[in-house]
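Written out below as structure tokens is the structure these notes cover.
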Amino acid sequence: MTEAAPAPSPPQAPGRCPVLWVEDDPVLSGWVADSLQEDGWPLGTSRSSRPDEGLLLLSQLVARWPVLHAIVLTGQHEKAVGQQAVHAGAFDFLTKPVTAAVLRQALERAAWFSLRQQELWAQGRLHLSVSAQLSEGVREASDQVAEQLIRHV
């Protein structure tokens, strides 16, 4: 009987992945920026006056850099907002208020996935992400995925 290898764990120290923090609250933005920079995260900040501007920016960034691991943090607790964030390309979705520890864990998880993805690319392996609307039915979702794979190849 063979034992399964233990699941890799996120790094204890933050990775070198840059962070772009988009926030409409200048006080919160300053606190988060200072805290993350003290932890060694390379950080850029931007102000957004409306949540939908942040999601639009996210979708544009993900379209340009498909390997982006974005974490959306919002004060809106609606399930629809989380779905919109994931649809726009978010890697993770957190609701305010959030502790610094939870935010750091999310960033470390995203950094860990980013590093693993870079390793796979260096080995010549391809990472491909596809999406489909399951609400239309399994067959239709399968057709959507097949079409995306064909277009990619």
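Just so we're clear, the structure is a prediction, and the values are computed from it rather than from any experiment.
- Rounded to the nearest 0.5 angstrom, L20 CG and L61 CG are separated by 6.5 Å.
- E38 pairs by the salt bridge (charged side-chain N to carboxylate O under 4.0 Å, His left out) definition with nothing, not counting sequence neighbours.
- L73 is listed as a side-chain neighbour of K96, based on a closest heavy-atom distance under 4.5 Å.
- Taking 4.5 Å as the limit, some side-chain heavy atom of L43 sits within range of a side-chain heavy atom of T45.
- A 4.5 Å side-chain heavy-atom check between V72 and L94 finds every atom pair outside the cut-off.
- Using modelled atom types and a 3.5 Å distance limit, the side chains of R104 and T99 yield no donor-acceptor pair.
- Cluster membership for L36 and V98, using ILVMFWY side-chain heavy atoms within less than 4.5 angstrom, is shared.
- V86 and L58 end up in different hydrophobic clusters when Ile, Leu, Val, Met, Phe, Trp and Tyr side chains are linked at under 4.5 Å.
- Within the 4.5 Å cutoff, the side chain of F93 has no heavy atoms near those of the I71 side chain.
- Taking CG of L103 as the reference point, atom CH2 of W41 lies at 9.0 Å (rounded to 0.5 Å).
- Between the CZ atom of F91 and the CG atom of L107 there is a distance of 10.0 Å, given to the nearest 0.5 Å.
- Between L55 and the choices Q60, Q84, H87, the side chain to side chain contact (heavy atoms under 4.5 Å, CB included) rule is met once, by Q84.
- H69 NE2 to W112 CH2: the interatomic distance, rounded to the nearest 0.5 Å, is 10.0 Å.
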